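First up is the structure itself, then whatever we jot down about it.
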Amino acid sequence: MDLADLGRRGLVLLGCGKMGSAMLEGWLGRGLALSAVWVTDPRPSDWLKSLAARGLHLNEALPDEPAVVLVAVKPQMMSEALPGLAALGEGRVLFLTVAAGTPISYYERTLGAATPVIRAMPNTPAAVGRGITALVGNAAASEAQMALAEDLLSAVGQVVRLEGEHQMDAVTAVSGSGPAYVFHLIEALAAAGEAEGLPADLAMTLARATVTGAGELAHRAPESASQLRVNVTSPGGTTAAALGVLMDPESGLPPLLRRAVKAAADRGRELGR
Ligand SMILES: NC(=O)C1=CN([C@@H]2O[C@H](COP(=O)(O)OP(=O)(O)OC[C@H]3O[C@@H](n4cnc5c(N)ncnc54)[C@H](OP(=O)(O)O)[C@@H]3O)[C@@H](O)[C@H]2O)C=CC1
Ligand SMILES: O=C(O)[C@@H]1CCC=N1
């Protein structure tokens, strides 16, 4: 990541809760100076307060022309939080927003149509450099600004560019919300282990290590996810018995996830109205 421009002009975070903090943690880990970061958040966490004691600007007046404003408030708070930054619109300041649902047109209306806006959908594994972020920019966002956003976000994981904003609600439902589905898988697997007679702490240790280990294998191995599944499945064995339940086209995981992902995408569309 080229931190020079950010270091000179500053990075502003509007809202720094779970997602803003996950990204900030990743950037600080990659060498971004605390003195280059301005955070505006009405109830900052103890972590942010401890960073402020070491040089981060917390709820202070903002620089005149920061390189990037990262908008990480909830969509429901947007109309309260964003208008206060209208003075930074229509200029050289890039607005990078991670809010689910809120369309680019909303930022253009609030900040001015000539404001460079990039809408991004990251996820919380950004905190450990293993996020994935999808991006789409408006007409005012230059290729250099798209590249800057890509640089910034690739410091905390993979980055993909979207064909258009119409893909964003589906992306949100798959990778933005997706880590929660995986964490719930850990909970559900541990609960199932308990139901089979294991002590709770052992069941949780097994479930957590299994999901993270399988995730790491899927990350590193050249094989497809299907092949990795086949590699676990001895013919006529235990895995095949479980997959008979999980892969049932009527009652298994595919129709369940289809419903879950649709519910998330529908909610994204609703938040955008
Ligand atoms: N969490 C995730 O995994 C992901 C979240 N997102 C998006 O990121 C955004 C933030 O989500 P998340 O981090 O989960 O939510 P959080 O509630 O944890 O963070 C939002 C932060 O903004 C603060 N805030 C509220 N009002 C204002 C204001 N007027 N000015 C500045 N800050 C304000 C909140 O303070 P307070 O708590 O006191 O209200 C809070 O600290 C959302 O738009 C969400 O769609 C995108 C991808 C993944
Ligand atoms: O739950 C949400 O609305 C946000 C967007 C994606 C993940 N968290």
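First listed ligand is number 1; within each ligand, the first listed atom is number 1. Every value quoted in this text rests on a predicted model; they were computed, and no experiment measured them. When a residue number appears, it is its place in the shown sequence, counting from 1.
When the salt bridge (charged side-chain N to carboxylate O under 4.0 Å, His left out) test is applied to Glu60, no partner is found at least two apart in sequence or on another chain. Remark: Arg54 engages no residue in a side-chain hydrogen bond (donor to acceptor under 3.5 Å, both in side chains) (not counting sequence neighbours).
Of all the atoms in ligand 1, the ones that sit under 4.0 Å from a non-hydrogen atom of Ala81 are 28 (C), 29 (N), 30 (N). Near Arg43, with a cut-off below 4.0 Å to any heavy atom, the atoms of ligand 1 are 36 (P), 38 (O), 39 (O). Near Ala72, meaning under 4.0 Å from one of its heavy atoms, ligand 1 places the atoms 9 (C), 10 (C), 20 (C). Applying the 4.0 Å criterion to heavy atoms of Glu80 picks out, from ligand 1, the atoms 29 (N). Residue Gly15 has at least one heavy-atom neighbour below 4.0 Å for each of these atoms of ligand 1: 22 (O), 31 (C), 32 (N).
Of the listed residues (Val73, Thr40, Val98), the one carrying the non-hydrogen atom nearest atom 43 (O) of ligand 1 is Val73. Nearest-heavy-atom check against atom 33 (C) of ligand 1 across Gly176, Pro122, Cys16, Pro42 picks out Pro42.
Neither the backbone nor the side chain of Pro44 has any atom closer than 4.0 Å to an atom of ligand 1 (non-hydrogen atoms only). Within the 4.0 Å heavy-atom criterion, both parts of Lys18, backbone and side chain, lie near ligand 1.
Residue Val69 is tested with Leu13, Val93, Thr40, Leu94 for a side chain to side chain contact (heavy atoms under 4.5 Å, CB included); the sole match is Val93.
The protein heavy-atom contact nearest to atom 1 (O) of ligand 2 is Ser177 OG, 4.5 Å. Protein heavy atom closest to atom 7 (C) of ligand 2, with residue, atom name and distance, is Gly176 O, 3.4 Å. Annotation: atom 5 (C) of ligand 2 to nearest protein heavy atom, Ala100 CB, 3.8 Å.
Here the closest heavy-atom approach between residue Asp41 and residue Cys16 is recorded as OD2-N, 2.7 Å. Across all their heavy atoms, Tyr181 and Ser177 have their closest contact at OH-CB, 3.3 Å.
Of the protein's heavy atoms, at least one falls inside 4.0 Å of atom 18 (O) of ligand 1.
Checked by distance only, ligand 1 and Ala100 come closer than 3.5 Å through their nitrogen or oxygen atoms. Considering backbone and side-chain N/O atoms, Met19 comes within less than 3.5 Å of an N/O atom of ligand 1.
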